[in-house]
Number of protein chains: 2
Amino acid sequence: MNELILIVEDEADLVQSLEYNLQQQGYDTRVALDGQSALEALDEKRPALVVLDLMLPDMSGLEVCRWIRNEETMRATPVLILTARGEEIDRITGFEAGADDYVVKPFCVDELMLRVRAILRRSQVESQELHADKMQIGDLFIDFAAHRVRVGEKEVELTPLEYQLLKVLVIRRGRTQSREVLLRDVWDIEAEVMTRTVDTHMQRLRAKLEQCGEWIATVRGVGYRFEAEEP
Amino acid sequence: MNELILIVEDEADLVQSLEYNLQQQGYDTRVALDGQSALEALDEKRPALVVLDLMLPDMSGLEVCRWIRNEETMRATPVLILTARGEEIDRITGFEAGADDYVVKPFCVDELMLRVRAILRRSQVESQELHADKMQIGDLFIDFAAHRVRVGEKEVELTPLEYQLLKVLVIRRGRTQSREVLLRDVWDIEAEVMTRTVDTHMQRLRAKLEQCGEWIATVRGVGYRFEAEEP
DNA sequence: CTGTTTTTGTCACGTTGTTGTCACAATCGC
DNA sequence: GCGATTGTGACAACAACGTGACAAAAACAG
């Protein structure tokens, strides 16, 4: 009952090498040679991670990635993209696909293994914190189970959106979240449009959190970050 | 599923020798006898490295090199130039062509093999560091995930541009970056114009990095370099 | 079903931070 | 020393962000 990794790749040699190494590391593997069978495999059993080649015989890996991101039950499944170098990295990790990481081909297998482990560790931490029913950061208390937030002794009334925004920031604290990522994961829209929506809500959230608002740092030109340590 | 190397060269003997040795080293090879077929080969499959003779029957190797550098998807592909002696080394490694390295003909094949390996290793290290979420060089700490920079215990506030500039320099540390390259990769402008922009921002970056500013070396007449070892 | 309240997206404006350019000083290589 | 190149500080144009206001949309209550 190990973690299952779905490999979507059509080069037989590479598939073999990946399967061998991943199984060596104690993961279960499943292979799909094209986009269509990838979707079928995903429908069948939800993997802990998808390793996805962008170049597939029948459809673009980007489409597969988008499909995963649009499927409610798959949304949280991390995706590691294999790509030839130069293939517009921004679009891969940014709004367009929403991959969690990528490796440039040709790559050494050890590097990929490191990346796989890093992603799974991260996603485990995130899902763990999601399932934790309580959390404290400084004066900020979040009760996920009860859907309640407290600053010091004072209960804070957050709107659903504000709560969601705080949750994403807090669970990923210490890592800067771009506006694109926030729009995707909180608002559920794929937009490159320049909108002040994120900023406005960030401002409201900051105001409601009072002294804890200072934990939210602005990263100019990029987005926002919930500090990992006392500001 | 080895790394593919494209050889662009018209001398049959040399081609044969190169192919043999490169395959011996475990690389896949593909040959183009002139510039036109080189471009076609590039369009077809992106190689991990291009070995390019400057003297071609139909067009100059420099043109091929420039084409690669102008193509969005090829930009990062390293190019190793073969040249008869004296052929304006500056223009080859400098802005005009943007080659990564060059070998003067006649050369010993072993040396070329060394260069090839060195270039490929470098480009792999680069792509690896591109995703690292943290990095330390002397007193300089860069947290890519958090988008933060620290010198010693002190947090340094960098503007988006300064951050980008530092990132490019650090990831390519040990190698001089010409102003043209920096303008292209940081500013995203193709300019042969003489501007003091790079210098000014380099100065600001140096000032903000305090003692770590000394890691940034000026290369007169060319550009700047982030030292690979303690200055 | 209707009126009320809450939530949310958008806008405009002011403020602050950022960046390109320039003039001039300092420095380097010869 | 001389010319070319780079460092440095000042500054104005510009872009990004914070903030408050407002109206549309959604949720809610009666």
Side-chain angles (χ1 to χ4, degrees), chain A residues 147 149 155-169 176-180 182-210 212-226 231, chain B residues 90 94-95 147-149 155-169 176-226 231:
Chain A
H147 232 259
V149 176
E155 175 98 22
V156 176
E157 301 282 352
L158 294 184
T159 70
L161 200 126
E162 285 158 2
Y163 178 79
Q164 191 62 25
L165 183 57
L166 177 64
K167 190 159 120 187
V168 167
L169 285 176
T176 298
Q177 304 299 310
S178 71
R179 290 188 176 71
E180 284 77 18
L182 291 171
L183 282 171
R184 194 189 71 209
D185 294 350
V186 178
W187 277 263
D188 202 19
I189 53 180
E190 309 280 333
E192 58 196 313
V193 293
M194 223 358 221
T195 204
R196 308 298 319 283
T197 305
V198 177
D199 304 65
T200 302
H201 284 276
M202 204 59 78
Q203 139 67 11
R204 286 171 184 160
L205 186 55
R206 271 177 176 154
K208 287 195 182 177
L209 294 184
E210 304 187 34
C212 290
E214 292 173 22
W215 284 76
I216 301 175
T218 304
V219 182
R220 235 164 207 276
V222 184
Y224 297 87
R225 176 185 67 227
F226 200 99
Chain B
D90 303 344
F95 154 70
H147 237 262
R148 284 168 53 157
V149 176
E155 171 107 23
V156 177
E157 302 280 354
L158 295 184
T159 70
L161 203 129
E162 285 157 3
Y163 178 81
Q164 195 63 26
L165 185 57
L166 176 64
K167 189 162 141 185
V168 167
L169 285 176
T176 302
Q177 303 300 311
S178 72
R179 291 188 176 73
E180 287 76 18
V181 166
L182 290 171
L183 281 172
R184 196 189 65 202
D185 293 350
V186 178
W187 277 263
D188 203 22
I189 52 179
E190 303 283 341
E192 59 242 75
V193 293
M194 220 11 209
T195 313
R196 307 301 319 286
T197 305
V198 178
D199 304 65
T200 301
H201 284 278
M202 204 59 78
Q203 134 67 8
R204 287 171 184 161
L205 186 54
R206 273 176 174 152
K208 287 194 181 178
L209 294 185
E210 304 187 33
Q211 71 263 33
C212 291
E214 292 172 23
W215 284 76
I216 300 175
T218 304
V219 182
R220 231 184 147 72
V222 184
Y224 298 87
R225 178 182 63 230
F226 200 98

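Everything numeric in this text was worked out from a predicted model, so none of it was measured. Letters go in sequence order (proteins before strands), and every chain restarts at 1.
One atom, CG of Leu165(A), and another, P of dG9(C), lie 11 Å apart when rounded to the nearest Å. Atom-to-atom, CD of Glu157(A) to C1' of dT7(C) comes out at 13 Å; the value is rounded to the nearest Å. If you measure from atom CZ of Arg204(B) to atom P of dG9(D), you get 11 Å, rounded to the nearest angstrom. Atoms CD1 (Ile216(A)) and C1' (dC17(D)) sit 15 Å apart, rounded to a whole Å. Taking atom NE2 of residue His147(B) and atom C1' of nucleotide dA16(D), one finds them 15 Å apart after rounding to whole Å. Gln203(B) has its CD atom 18 Å from the P atom of dC22(C), to the nearest Å. Here dT8(C) presents its C1' atom at 15 Å from CE of Met202(A), a figure rounded to the nearest Å. Per the geometry, NZ belonging to Lys208(A) stands 8 Å off P belonging to dT8(C), to the nearest Å.
Residue Leu158(B) holds its CG atom at 9.5 Å from CG of Leu165(B), rounded to the nearest 0.5 Å.
Relative ring orientation between Trp187(A) and His201(A) is described as perpendicular, the plane-to-plane angle rising above 60° on a 0-90° scale split at 30° and 60°.
Remark: Thr195(A) is not in phosphate contact with dG9(C), judged by side-chain N or O atoms under 4.0 Å from OP1 or OP2. OP1 or OP2 of dG9(C) sits under 4.0 Å from a side-chain N or O of Trp187(A). The side chain of His201(B) contributes no N or O atom lying less than 4.0 Å from OP1 or OP2 of dT19(C).
With dC17(D), dC11(C), dT21(C) as the choices, the nucleotide that has an atom nearest any side-chain atom of Thr197(B) turns out to be dT21(C). Picking from dT18(C), dT8(D), dC11(D) the nucleotide with the shortest atom distance to the side chain of Thr200(B) gives dT8(D). Among the nucleotides dC22(D), dG18(D), dC17(D), the one closest to the side chain of Arg206(A) is dG18(D). For Arg220(A), whose side chain is taken as the heavy atoms from C-beta onward, the closest listed nucleotide among dG20(C), dC17(D), dT21(C) is dC17(D). In the set dG7(D), dG20(C), dT8(C), dG7(D) carries the atom at the smallest distance from any side-chain atom of Asp199(B). Of the listed nucleotides (dT7(C), dC13(C), dT21(C)), dC13(C) has the atom at the smallest distance from the side chain of Arg196(A).
Contact annotation for Tyr224(A): backbone-only contact, meaning every heavy-atom pair under 4.0 Å involves sugar-phosphate atoms and none involves a base.
Annotation for Glu214(A): atom CD does not count as buried by contact number, only 12 or fewer foreign heavy atoms lying within 6.0 Å.
With Asp199(B) as the fixed residue, the salt bridge (Lys or Arg N to Asp or Glu O under 4.0 Å) test singles out one of Arg220(B), Arg204(B), Arg179(B): Arg179(B).
Donor-acceptor pairing under 3.5 Å is recorded for the side chains of Arg206(B) and Thr218(B).
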